[in-house]
Amino acid sequence: MEFKRFGSKIIVRIDKDEEILEKVKELALKENIRLAAVQALGATNSFTVGVYNVAEKKYYANTFSGSFEIVSLTGTINTMNGEFYTHLHMSAGNDKGEVFGGHLNRAVVSATCEMVVDVLDGTVDRAYDPVTGLNLFQFQSDKENV
């Protein structure tokens, strides 16, 4: 992975055989990112995405391998209990134009992944919500998050 910062934006190249979530975490820790929007595209040969069943409060994972183009990767970097947390979704298409996607659990880059991280000034932590079973944004009523 290589990256270059331009003010609040970071342009990232994740290289062949690198795992995307591992590199996002590495970047966030190196650059002390507490809140950011993420978007990317690229190629993968192995990825796992999940679909959440709200009634069961459970994710169901789907794993794919082969040649896939990442047509969309989007989400956030933020914190939970003050520690690194990320929530990314990814869609990837095969050679027939079929697209598969969901909550990103794992993706290995097959050629490259080009990412833009838009660092935001502030912090939004997450907290477990027993109603949905998810870790949701937790907004504080202080000046930092107004």
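Within the 4.5 Å cutoff, no side-chain heavy atoms of Y59 are placed close to those of N105. Inter-residue side-chain proximity for M115 and F3 is flagged as unmet; no heavy-atom pair is nearer than 4.5 Å. A 4.5 Å side-chain heavy-atom check between L21 and T86 finds at least one atom pair inside the cut-off. Side chains of Y60 and Y52 form no contact here, defined as non-hydrogen atoms less than 4.5 Å apart. Between L73 and L104 there is a side-chain heavy-atom pair separated by less than 4.5 Å.
Listed here is the closest heavy atom pair of V71 and G93: CG1-N, 4.3 Å. When all heavy atoms of L35 and G122 are compared, the closest pair comes out as CB-O, 3.4 Å. The shortest non-hydrogen separation linking G82 to D125 is N-OD1, 3.2 Å. Annotation for I20 and C113: closest pair CD1-SG, 4.0 Å, computed over non-hydrogen atoms. The shortest heavy-atom contact between K16 and S110 is CG-O, 3.5 Å.
When the side chains of ILVMFWY residues are joined at heavy-atom separations under 4.5 Å, either directly or via intervening members, V54 and L134 end up in a single hydrophobic cluster. A single hydrophobic cluster is not seen to contain both M80 and L88; linkage of ILVMFWY side chains at heavy-atom distances under 4.5 Å, directly or through other members, places them apart. Under a hydrophobic-cluster definition in which Ile, Leu, Val, Met, Phe, Trp and Tyr are linked whenever side-chain heavy atoms come within less than 4.5 Å, directly or via other members, V51 and I70 are assigned to different clusters.
Shown here is E2, whose CD atom has no more than 12 heavy atoms of other residues, nucleotides or ligands within 6.0 Å. By the 6.0 Å contact criterion, CD on E83 is open, its count of non-hydrogen atoms from other residues, nucleotides or ligands being 12 or less.
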Q: Apply the test side-chain contact (heavy atoms from CB on, under 4.5 Å) to residues V116 and I10: give CA-CA distance (whole Å), side-chain angles for both, the deciding distance (0.1 Å), then the verdict.
A: CA-CA 6 Å; V116 177; I10 303 172; over 6 Å; no

Q: Would you sort out whether N94 and F100 count as a side-chain contact (heavy atoms from CB on, under 4.5 Å), showing the intermediate values?
A: CA-CA 8 Å; N94 65 17; F100 306 94; 3.8 Å; yes

Q: Give the intermediate values and the outcome of side chain to side chain donor-acceptor pair (under 3.5 Å) for residues Y85 and N135.
A: CA-CA 10 Å; Y85 191 96; N135 299 322; 3.1 Å; yes

Q.
Test side-chain contact (heavy atoms from CB on, under 4.5 Å) on V49 and F64; report intermediate values, then the result.
A. CA-CA 9 Å; V49 289; F64 301 90; 4.0 Å; yes

**Q.** Test log, rule salt bridge (charged side-chain N to carboxylate O under 4.0 Å, His left out), inputs E26 and K30
**A.** CA-CA 6 Å; E26 182 182 320; K30 264 186 191 172; 3.4 Å; yes

Q. Which is it for V119 and R5 under the side-chain contact (heavy atoms from CB on, under 4.5 Å) test, yes or no, and what are the steps along the way?
A. CA-CA 10 Å; V119 180; R5 190 167 192 145; 3.8 Å; yes

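Expressed to the nearest 0.5 Å, how far CD of E114 lies from CD of Q39 amounts to 12.0 Å. Annotation: the span from N78 atom CG to T76 atom OG1 amounts to 4.5 Å, rounded to 0.5 Å. Rounded to the nearest 0.5 angstrom, T79 OG1 and F84 CZ are separated by 10.5 Å. Rounding to the nearest 0.5 angstrom, the gap separating the CG atom in L41 from the CE atom in M90 is 11.5 Å. Distance check: M1 CE to E18 CD gives 7.0 Å after rounding to the nearest 0.5 Å. Atom OG of S46 is separated from atom CG of D17 by 10.5 Å, given to the nearest 0.5 angstrom.
Taking the six-membered ring for Trp and thresholds of 30 and 60 degrees, H89 and H103 have ring planes more than 60 degrees apart, a perpendicular arrangement.
A cation-pi geometry, defined here as NZ or CZ lying under 6.0 Å from the six-membered ring centre and within 45° of its normal, does not hold between R106 and F47.
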